[in-house]
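A note on names: the letters A, B, ... follow the listed sequences, proteins ahead of strands, and every chain is numbered from 1. Since the structure is predicted, the reported quantities are computational estimates derived from the model, not experimental observations.
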Protein chains: 2
Amino acid sequence: MEIKRTPKPSIIRLCSILNFLEDQENLGKENIFSQEIGEYLDLPAFSIRKDISYIGEIGNTIAGYNISKLKAHIEDKLKLSGTQNTCLVGLGSLGTAILNYEKLNSSNFKLVAVFDTNLNKLEMIKLKIRAYPAYQIEEIVKKHSITAAIITVPSKSTQEVANKLIKGGVRGIINFTPTLIRSGRNDVVVRNIDLLNELRILQALIALKSIDSAGE
Amino acid sequence: MEIKRTPKPSIIRLCSILNFLEDQENLGKENIFSQEIGEYLDLPAFSIRKDISYIGEIGNTIAGYNISKLKAHIEDKLKLSGTQNTCLVGLGSLGTAILNYEKLNSSNFKLVAVFDTNLNKLEMIKLKIRAYPAYQIEEIVKKHSITAAIITVPSKSTQEVANKLIKGGVRGIINFTPTLIRSGRNDVVVRNIDLLNELRILQALIALKSIDSAGE
DNA sequence: CTTCCTCTGTGAATATTTTCACTAATAGTA
DNA sequence: TACTATTAGTGAAAATATTCACAGAGGAAG
């Protein structure tokens, strides 16, 4: 029963490591040392090795890690290889910006539907991605087996939209709204991203750092 | 020397609590219990009390917390009360979306300058906020005592922009770019927000949750 | 063939964070 | 007044995460 669990912070760091590996591979690099990865993530080398060790032995004492092998290994262990059908709810300026985000198309996340309450906006969309009115969320999510969603609607509709998404079968939500989402179930993951709150956290952490430095 | 430090996760949660308190106050509420705050943040009541306890005793055994008092207390202890001059670098679609974000104007963060390399874009800006070419970053940041910045430039210029900002005096950066920023100093705080990476983390955490549930 | 050097992987120590169980305060009520 | 019910605050225990120090692997150099 005692399977060594990967700590959540390690999982999150492994995702960043994967990002970095992709970049390095595109630059033509084949092998990399924990040291170099650590410099990128601003973390000591042993911490990188520890994170990687949770998903299994893979490195080599001479050449470090083979980039493509390590990449595949992380993708495999973190179940990151399959394509994930994704939708976007809310076509305000942030939603539109996300829609224009080229890099999304070349990723594992396929944007298969967008939703908005405003039908005029929907008519204006001339992309390959199908647009639907918000009342169809549950139906369309089910139909296209959408598992991840990005929400950029006005704050007061956030919870309602989330409920529909979850009922339809969505298991992960990125919420750009200032309103926190309560899923009420533990098989749904929500990541809340609120610019204003991030700025606030920033300000608090800066104050904290000043105190730290003074103490040193 | 043994000052009881507030844990970083507590500080971050206190920022969310503050958000919630503002909402509740706007709804006309005067007092609140740790229980109710906990329900909003999806955390047990004792955890909320613990977070609040780090910044000092403030509650009341009968009425719970007085909202405006608790708000003021958090703002005070987390040094969140002063206005912070802020700038935005990069006027792509995400940058423009942020520029249109009304709520920012009514917050502590005053957007006092925007930057872009593309001068045509700058000419189009007809807002009250002054726009400048990117090569003036350091100079303008100094001049206006800008301490916080939001970066939405293309990935390859991220580090260069960050360097200029930091040289000018910025102490906190929100980085919407997929490239991590290395500040090289411990009095600068960076929060990285990368949509694609967030989606990836989401996918990994969903897989993790499935395993968890299976084990129960 | 032996020594040296560098790098990964990891058990154990340390540090941090969360959870728990209990104390104290206080208002309402009999 | 005494009893009940409710809630904040908190030291201590438990859980979690990070850091450290070193063993082992293996190529290079002498």
Side-chain angles (χ1 to χ4, degrees), chain A residues 1-17 21 29-39 41-67 69-70 73-74 77 186 201 205 208 211-212 215, chain B residues 1-17 21 29-67 69-71 73-74 77 186 201 204-205 208 211-212 215-216:
Chain A
M1 263 293 119
E2 278 302 334
I3 301 152
K4 209 200 288 166
R5 215 185 98 273
T6 307
K8 195 170 146 175
S10 290
I11 290 179
I12 291 170
R13 282 191 299 265
L14 283 165
C15 289
S16 297
I17 292 175
L21 294 175
K29 228 174 162 183
E30 280 184 18
N31 295 290
I32 199 158
F33 296 122
S34 57
Q35 174 80 34
E36 296 172 80
I37 302 176
E39 270 161 26
L41 292 185
D42 199 18
L43 244 30
F46 59 74
S47 161
I48 301 295
R49 292 202 300 275
K50 185 62 138 187
D51 285 344
I52 293 173
S53 82
Y54 287 116
I55 59 168
E57 191 171 326
I58 196 77
N60 170 302
T61 210
I62 294 308
Y65 300 94
N66 174 281
I67 291 180
K69 211 166 123 195
L70 180 54
H73 196 64
I74 295 175
K77 291 305 170 97
N186 71 352
I201 292 169
L205 293 180
L208 188 72
I211 296 161
D212 281 358
Chain B
M1 265 291 117
E2 280 302 333
I3 301 151
K4 208 199 290 164
R5 217 186 96 270
T6 307
K8 196 170 145 177
S10 290
I11 290 178
I12 291 170
R13 281 191 299 265
L14 283 166
C15 289
S16 297
I17 291 174
L21 294 175
K29 227 173 161 182
E30 280 184 17
N31 294 290
I32 199 159
F33 296 125
S34 57
Q35 174 78 35
E36 298 171 79
I37 302 176
E39 271 160 28
Y40 178 71
L41 292 185
D42 200 17
L43 243 33
F46 58 73
S47 161
I48 301 297
R49 292 201 301 273
K50 186 62 138 188
D51 286 344
I52 293 173
S53 82
Y54 287 116
I55 59 169
E57 191 172 327
I58 197 80
N60 170 302
T61 209
I62 294 306
Y65 300 95
N66 174 279
I67 291 182
K69 210 167 123 193
L70 180 54
K71 260 186 55 188
H73 196 63
I74 295 176
K77 290 306 169 96
N186 71 353
I201 292 168
L205 293 181
L208 187 72
I211 295 161
D212 281 358
E216 284 174 329

Check ion pair B/Lys29-B/Glu36 (N to O, under 4.0 angstrom):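 Result for this pair is yes, salt bridge flagged.
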Carboxylate-amine/guanidinium proximity below 4.0 Å for B/Glu57 and B/Arg49: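 No, no charged N to carboxylate O under 4.0 Å.
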Could you check how far [atom1] of [X] sits from [atom2] of [N], rounded to whole Å?
| X | N | atom1 | atom2 | value |
| --- | --- | --- | --- | --- |
| A/Arg13 | D/dT19 | CZ | C1' | 11 Å |
| B/Ile48 | C/dT19 | CD1 | C1' | 13 Å |
| B/Glu57 | D/dT7 | CD | P | 18 Å |
| B/Asn66 | C/dT26 | CG | C1' | 17 Å |
| A/Ile52 | D/dT19 | CD1 | C1' | 17 Å |
| A/Ile58 | C/dT8 | CD1 | C1' | 12 Å |
| A/Asn31 | C/dT6 | CG | P | 18 Å |
| B/Ile12 | C/dT18 | CD1 | P | 10 Å |

Sugar-phosphate, base or nothing in reach of B/Phe46, heavy atoms under 4.0 Å: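 The answer is base, as B/Phe46 lies within the cut-off (heavy atoms under 4.0 Å) of a base atom.
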5' priority, DNA chain D, between B/Ala63 and A/Ser47 [closest heavy atom]: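 Checking each residue's closest nucleotide, the 5'-ward one belongs to B/Ala63.
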Pairwise 5' ranking along DNA chain D for B/Lys50 and B/Ile32, keeping only the more 5' one: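 Whichever sits nearer the 5' end wins; that is B/Ile32.
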Contact check, side chains of A/Ile74 and A/Leu21, non-hydrogen atoms, under 4.5 Å: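 A side-chain contact under 4.5 Å exists here.
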Student check: side-chain heavy atoms of B/Tyr65 and B/Asn31 closer than 4.5 Å: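 Of all side-chain heavy-atom pairs linking B/Asn31 with B/Tyr65, none is under 4.5 Å.
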Phosphate OP1/OP2 of D/dA8 contacted by B/Arg49 side-chain N/O (<4.0 Å):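 Indeed, a polar side-chain atom of B/Arg49 lies that close.
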Short side-chain N/O contact to D/dA8 OP1/OP2 from B/Ser34, under 4.0 Å: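 For D/dA8, OP1/OP2 do have a side-chain N/O of B/Ser34 under 4.0 Å.
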Euclidean distance, B/Ile11 CD1 relative to B/Lys77 NZ, rounded to 0.5 Å: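 Between B/Lys77 NZ and B/Ile11 CD1, I get 12.5 Å after rounding to 0.5 Å.
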Nucleotide nearest [X] (side chain, heavy atoms from C-beta), chosen from [options]:
| X | options | value |
| --- | --- | --- |
| A/Tyr65 | D/dG27, C/dT17, C/dT8 | C/dT8 |
| B/Pro9 | C/dT18, D/dA17, C/dT10 | C/dT18 |
| A/Phe33 | C/dC7, D/dG26, D/dG9 | C/dC7 |
| A/Arg5 | D/dA17, C/dA27, C/dT17 | D/dA17 |
| B/Pro44 | D/dG26, C/dT17, C/dT19 | C/dT19 |
| A/Ser53 | C/dT18, D/dG9, C/dT10 | C/dT10 |

A/Thr61 (side chain) and D/dA25 (base): donor-acceptor pair under 3.5 Å: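 Side chain to base: pair present.
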